[in-house]
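Sequence positions, counted from 1, serve as the residue numbers for this chain. Remember, predicted model here, so these are calculated numbers, not experimental data.
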Amino acid sequence: LDESIQYPGAPYVLPKSPWRLSRRAPLIGEHNSEVFQEALQLDEAELQSLLQQIACLDLELVNQLFAKRDETNNLISSNIDIMPPIALRLHETHTPSGVSRIQALTEGEHLIRSGKVAALIVAGGQGSRLGFDKPKGMLPIGPVSQRTLFEILANKIDALQRHYKTTIPLLIMTSPSVHDETVSYFAEHDYFGLIDSVEFFCQGTLPVIDSRSGQILLQSHHTISVSPNGHGGVIEALVADKLLDALADHLTGSGNSHAP
């Protein structure tokens, strides 16, 4: 703390081991390297990796979310009227605002032909709950064709592009645990014909914390345990990868979507 502190006397008295002051008290964080490398047995590369992970943490956000954990759990019981968005349901002929089904279809087709429509796939999950140890989108779901979910969605977009003679940018949001495998899967299949319009981006993560103490948990001695920040992080991730700017250029006709 860069201050001198005067002690009133020896902190202890032993008959055969006289007390003496051999060195000053350590400063805060002064011996971190000794603790990390000697006590935790981290080598220099592991230590630097851990320090870099710590530097990237938004601790203020983590603390705010932890402080509000009880509020989020009580949202369902609060007196909030949650209304579904205004949309044209499959069994309806008009929206609540009076738009007819034919008007909605006509406007939708016009927007697709004009290049004003993009598609977004949220694909950050593993298929572990389905007994599948790969990204969920790679699960074969075609009852006869055994096509994967990714393939079916990509084929639909490709068919729309051909039918309306346009380009529909496809944005695929992954998570750190499935990103490389997802990109490799599309590359192995020539992007299902969408190489000029598909973009991959990775959603952000938040550290995993103990629900009682709020302490950040470690996956290993040199790796902070993290988890994807949920679907709500999609806009933040789009902004971080500058994909919203690219989409704006595409929609206004001032630029083209980029290949992966």
#### Entry: Contacts of E107 that satisfy side-chain hydrogen bond (donor to acceptor under 3.5 Å, both in side chains) - sequence neighbours left out
none
### Query
If two hydrophobic side chains count as joined below 4.5 Å and joins carry through other members, does L59 share a cluster with V226?
yes
### Task
Report the relative orientation of the aromatic rings in F200 and H179; use parallel for angles under 30°, tilted for 30 to 60°, perpendicular for over 60°.
perpendicular
### Message
Tell me every residue that passes side-chain hydrogen bond (donor to acceptor under 3.5 Å, both in side chains) with S128, counting only those two or more places apart in sequence or in another chain.
### Response
none
### Task
Treating Ile, Leu, Val, Met, Phe, Trp and Tyr as nodes and any side-chain heavy-atom pair under 4.5 angstrom as an edge, say whether F192 and V178 lie in one connected cluster.
no
### Heavy-atom neighbours of E60 CD exceed 12 at 6.0 Å
no
### Query
Any idea which heavy atoms bring G124 and S177 closest together, and the distance?
O-OG, 4.4 Å
## Note on the structure
For L217, the hydrophobic cluster (side chain heavy atoms closer than 4.5 Å, chained through members) also holds V208
#### Entry: Selection residues 208-246 - residue pairs positive for ring pair (Phe, Tyr, Trp, His ring centres under 6.0 Å), sequence neighbours left out
none
### Query
Which distance, rounded to the nearest 0.5 Å, do you find between the CG of L50 and the CG of L42?
6.5 Å
### Query
Can V183 be reached from I195 by stepping across I, L, V, M, F, W or Y side chains whose heavy atoms are under 4.5 Å apart?
yes
### Query
Just by distance, do the side chain of D43 and the backbone of E46 share a donor-acceptor pair under 3.5 Å?
yes
### Summary
Rounded to the nearest 0.5 angstrom, the CD1-CD1 distance for I209 and I224 is 12.5 Å
### Query
Judged by atom type as modelled, is there a donor-acceptor pair below 3.5 Å linking the side chain of T106 to the main-chain atoms of I102?
yes
### Query
According to a 4.5 Å side-chain heavy-atom criterion applied to Ile, Leu, Val, Met, Phe, Trp and Tyr, with indirect links allowed, do L153 and L139 form part of one hydrophobic cluster?
yes
### Query
With sequence neighbours excluded, what pairs up with L206 under the side-chain contact (heavy atoms from CB on, under 4.5 Å) test?
L61, L65, N229
### Message
I'd like to check the side-chain hydrogen bond (donor to acceptor under 3.5 Å, both in side chains) partners of T182; sequence neighbours left out, ordered by chain and number.
### Response
none
#### Entry: Residue list, salt bridge (charged side-chain N to carboxylate O under 4.0 Å, His left out) with E44, at least two apart or on another chain
none
### Query
Other than I235, what residues sit in its cluster of Ile, Leu, Val, Met, Phe, Trp and Tyr side chains whose heavy atoms are under 4.5 Å apart, directly or through others?
L120, V122, L171, M173, F201, V234, L238, V239, L243, L244, L247
### Task
Look at atom CD of E34 and say whether more than 12 heavy atoms of other residues, nucleotides or ligands are closer to it than 6.0 Å.
yes
### Query
So which pairs with a foot in residues 122-138 pass salt bridge (Lys or Arg N to Asp or Glu O under 4.0 Å), sequence neighbours left out?
K134-E181
### Query
How would you list all residue pairs meeting salt bridge (Lys or Arg N to Asp or Glu O under 4.0 Å) that involve residues 149-172, not counting sequence neighbours?
D158-R162
### Exam field: side chain E236 to backbone G233, donor-acceptor pair closer than 3.5 Å
no
### Task
Measure from the side-chain N and O atoms of Q161 to the backbone N and O of I168, and report whether any donor-acceptor pair falls under 3.5 Å.
yes
#### Entry: Short side-chain to backbone donor-acceptor contact, S114 and K116, under 3.5 Å
no
### Query
Which pair of non-hydrogen atoms, one from Q203 and one from A237, has the smallest distance, and what is that distance?
CA-CB, 4.0 Å
### Query
What is the distance from atom CD1 of I121 to atom OG1 of T174, rounded to the nearest 0.5 Å?
11.5 Å
### Task
Would you sort out whether S184 and E188 count as a side-chain hydrogen bond (donor to acceptor under 3.5 Å, both in side chains), showing the intermediate values?
CA-CA 6 Å; S184 296; E188 290 167 4; 5.4 Å; no
### Task
List the atom of Q103, the atom of G98, and the distance in Å for their closest heavy-atom pair.
OE1-O, 4.1 Å
### Task
Fit a plane to each ring of Y185 and H189, take the angle between them on a 0 to 90° scale, and name the class: parallel (under 30°), tilted (30 to 60°) or perpendicular (over 60°).
tilted
### Query
Are L130 and I141 connected, step by step, through hydrophobic side chains (Ile, Leu, Val, Met, Phe, Trp, Tyr) whose heavy atoms are closer than 4.5 Å?
yes
### Task
Please report the closest heavy-atom contact between C202 and P176, naming both atoms and the distance.
SG-N, 3.3 Å
### Task
Could you list all the ring pair (Phe, Tyr, Trp, His ring centres under 6.0 Å) pairs where at least one residue sits in residues 101-154, not counting sequence neighbours?
F150-F186
### Pairs meeting criterion salt bridge (Lys or Arg N to Asp or Glu O under 4.0 Å) with involvement of residues 214-226, two or more places apart
none
### Query
Between the side chain of T166 and the main-chain N/O of I112, is any donor-acceptor distance below 3.5 Å?
yes
#### Entry: From CG (N32) to CD (Q37), nearest 0.5 Å
10.5 Å
#### Entry: Rounded distance (nearest 0.5 Å) linking atom CD1 of I216 with atom CD1 of I54
8.0 Å
